[in-house]
Amino acid sequence: MNSTISKDRTKNYFKQLKVSFLFKVLAIGASFLIIPIMIKFLGNEQYGIWSTLLSIISWIVLFDIGIGNSLRNKISEALVKNDKKKARDYISTAYVLIGLISVILLISFLIASGFIPWQRFFNTSILSNDELESVVNITASFLFINFWLSLINQVFNGMQKTSFVVFNQFLSNTLALIFTYVLYLYFETSLWKLAFVYGFSLLLSSLLLSLWFYRKNQEFIPQVKCYTHKYTKSITSLGFKFFIIQIAVVVIFTTDKILITQLFAPEYVTSYDVVFKLFSVITITHSLFMMPLWSAYSDAYHREDLTWIKRTIKNQLKIYLLIVLSTIGLIFLAKPVISIWIGKDFVIDNTLITVMGLFVLVSTWNNIYAYFLNAANKLDIQIKTSIIAIFVNIPLSIVLVKYLDFGVYGIVIGTILSLLLFAVFGSLQTYRILKGK
């Protein structure tokens, strides 16, 4: 293996990491500042509805049937061979496919929305069904359009330029913060106005970055004439495997708020969301170290540079020890931090804080191995454990809450238990691959 390529890969990793760190800190700051503003603007119950709605709408990522993650791997493979034309053809094919999917799904969603009893779904009467329908439709419209434009993130990932993905997050979070603060200062409480400015922030950020990137890299501009049928099959066959994993991610990570809304009430989502957001500082920080690695692992794996992969995973395990210590520290500091951040009157359950810490430890452990296996297209173990998790997560959470009298934290425990299978078998599969078995 050419040592120069290995050194360049490592150098690029640290470059992306340093730039990402700056924008991630700013993005986290913006996302934290916006929460108390939203709560004050909307009140606890409407904020709970809004938070639950975002969880539901995030299911949109499922509908790319894994094309996005497949695209980043295909771009990486093409660039290993220095084949820019092939990379552009893959990009063009993905844009055509996701564009068609976005249009069809948006039209279908807007039609179906009129038949859904949104008051019953959100378990609330604070807003009329027509008001809730408008909020949902506005949010969905922006996110379906951004679903197509945000393919630029996977292009950045495939080219090992993950710092631009983080910059996109920073830009959209900052725009949302500014617009929301203006709403809070000059407008009366309105969930549909918040939905509009939030969706517009995402859309504007993706659009600006796309225009900037393709203007500077015209050889990668997606074109309908570059759509290739054989690449459609290649992207979707690998994409289907990612699709199954994405379903599990959505079920495990986004149904908690829906369960809380149905088993308790929307206002309980607010306390859950605040604790989740606080501990997301750790998961987001960890993702900074992990994000550049997917494409770097893909590059190393296709060049058969297993030595670099082993060394990198070993370093990630050292970082994990810091994650453990940080999580324990945050468990003890959570209440005073939330008191300063949200307000002294905001009540949080100690057990929820502890359980959320355990969730962070399991999910960050899983990511260490999932990123490598995703990059290497070794998805069988993830698919099997994901299918089990899909069927176990929700029933287990309901049993813990309704029949064992666990509080909101019982739903988080159900999520943790669903993740444990991959925690064991994902790490074992990684070490078997690296030993050549």
Side-chain angles (χ1 to χ4, degrees), residues 31 34-35 37-39 41-65 68 97-151 172-173 175-180 182-184 186-207 246-247 250-251 253-262 265-267 269-270 273:
S31 67
I34 201 173
I35 288 179
I37 296 172
M38 283 183 173
I39 293 174
F41 180 63
L42 296 174
N44 280 352
E45 187 169 354
Q46 285 199 56
Y47 177 81
I49 294 170
W50 172 245
S51 183
T52 304
L53 173 60
L54 289 184
S55 292
I56 299 165
I57 297 298
S58 68
W59 294 358
I60 288 174
V61 299
L62 280 180
F63 297 114
D64 80 340
I65 56 174
L97 291 174
I98 296 298
L100 289 172
I101 291 171
S102 298
V103 171
I104 293 169
L105 289 176
L106 176 56
I107 294 171
S108 302
F109 183 90
L110 294 177
I111 294 171
S113 178
F115 299 95
I116 298 173
W118 291 111
Q119 277 188 317
R120 188 183 306 169
F121 186 90
F122 289 108
N123 193 22
T124 186
S125 59
I126 196 171
L127 295 174
S128 69
N129 198 75
D130 287 342
E131 288 175 307
L132 287 170
E133 183 182 341
S134 296
V135 170
V136 172
N137 288 348
I138 289 168
T139 307
S141 296
F142 275 112
L143 293 187
F144 270 114
I145 298 170
N146 190 59
F147 176 55
W148 178 62
L149 288 176
S150 63
L151 263 181
S172 62
N173 285 2
L175 290 171
L177 174 61
I178 293 169
F179 294 150
T180 302
V182 171
L183 282 181
Y184 172 66
Y186 300 107
F187 295 87
E188 293 182 357
T189 298
S190 173
L191 193 52
W192 78 261
K193 289 176 184 175
L194 179 65
F196 182 88
V197 300
Y198 179 84
F200 182 71
S201 301
L202 291 177
L203 196 65
L204 183 60
S205 178
S206 294
L207 180 60
Q246 285 172 201
I247 292 175
V250 167
V251 170
F253 288 93
T254 68
T255 54
D256 284 4
K257 294 178 186 178
I258 298 171
L259 287 171
I260 293 169
T261 298
Q262 294 298 319
E267 55 262 36
V269 175
T270 303
D273 197 52

Student: Between atom CG of Leu191 and atom CD1 of Ile138, what is the distance when rounded to the nearest 0.5 Å?
Tutor: 9.0 Å
Student: Could you check if a side-chain atom of Leu110 sits within less than 4.5 angstrom of a side-chain atom of Ser141, using non-hydrogen atoms only?
Tutor: yes
Student: Is there a side chain to side chain contact (heavy atoms under 4.5 Å, CB included) between Leu202 and Phe142 once you walk through the steps?
Tutor: CA-CA 8 Å; Leu202 291 177; Phe142 275 112; over 6 Å; no
Student: For Phe41 and Phe187, run ring pair (Phe, Tyr, Trp, His ring centres under 6.0 Å): C-alpha distance rounded to whole Å, both residues' side-chain angles, the deciding distance at 0.1 Å, then the answer.
Tutor: CA-CA 9 Å; Phe41 180 63; Phe187 295 87; 8.3 Å; no
Student: Give the C-alpha distance, both sets of side-chain angles, the deciding distance and a yes or no for ring pair (Phe, Tyr, Trp, His ring centres under 6.0 Å) between Trp50 and Tyr47.
Tutor: CA-CA 5 Å; Trp50 172 245; Tyr47 177 81; 8.5 Å; no
Student: Just by distance, no angles: are the side chains of Ser206 and Asn146 close enough, under 3.5 Å, to form a donor-acceptor pair?
Tutor: yes
Student: Do any N or O atoms from the side chain of Glu131 and from the backbone of Ser128 form a donor-acceptor pair under 3.5 angstrom?
Tutor: yes
Student: Can you tell me how far the CD1 atom of Ile145 sits from the CG atom of Leu106, to the nearest 0.5 Å?
Tutor: 6.5 Å
Student: For the residue pair Val182 and Val197, establish whether any side-chain heavy-atom pair is separated by less than 4.5 Å.
Tutor: no
Student: Tell me the closest heavy-atom pair linking Ala195 and Thr139, and the distance in Å.
Tutor: CB-OG1, 3.3 Å
Student: Do Ile98 and Phe147 have side-chain heavy atoms sitting under 4.5 Å apart?
Tutor: yes
Student: In Å, rounded to the nearest 0.5 Å, how long is the span from OG of Ser172 to CG of Leu204?
Tutor: 10.0 Å
Student: Can any side-chain N or O of Ser113 pair as donor or acceptor with the backbone N or O of Phe109 at less than 3.5 Å?
Tutor: no
Student: Considering residues, nucleotides and ligands other than Trp148, do more than 12 of their heavy atoms fall under 6.0 Å from its CH2?
Tutor: no
Student: Search all heavy atoms of Ile49 against all heavy atoms of Ile126 and return the closest pair with its distance.
Tutor: CD1-CG2, 3.8 Å
Student: Can you confirm whether Leu177 sits close enough to Asn173 that some side-chain heavy atom of one is under 4.5 Å from a side-chain heavy atom of the other?
Tutor: no
Student: Supply the atom-to-atom distance Leu53 CG to Phe121 CZ, rounded to the nearest 0.5 angstrom.
Tutor: 9.0 Å
Student: Rounded to the nearest 0.5 Å, what's the gap from OG on Ser205 to CG on Leu149? Could you check?
Tutor: 10.5 Å
Student: Please check this pair: side chain of Asn129 against backbone of Gln119, looking for a donor-acceptor N/O pair closer than 3.5 Å.
Tutor: yes
Student: What's the separation between atom OG in Ser190 and atom CZ in Phe196, rounded to the nearest 0.5 Å?
Tutor: 11.5 Å
Student: Can you tell if the side chain of Val135 reaches within under 4.5 Å of the side chain of Phe122, non-hydrogen atoms only?
Tutor: no
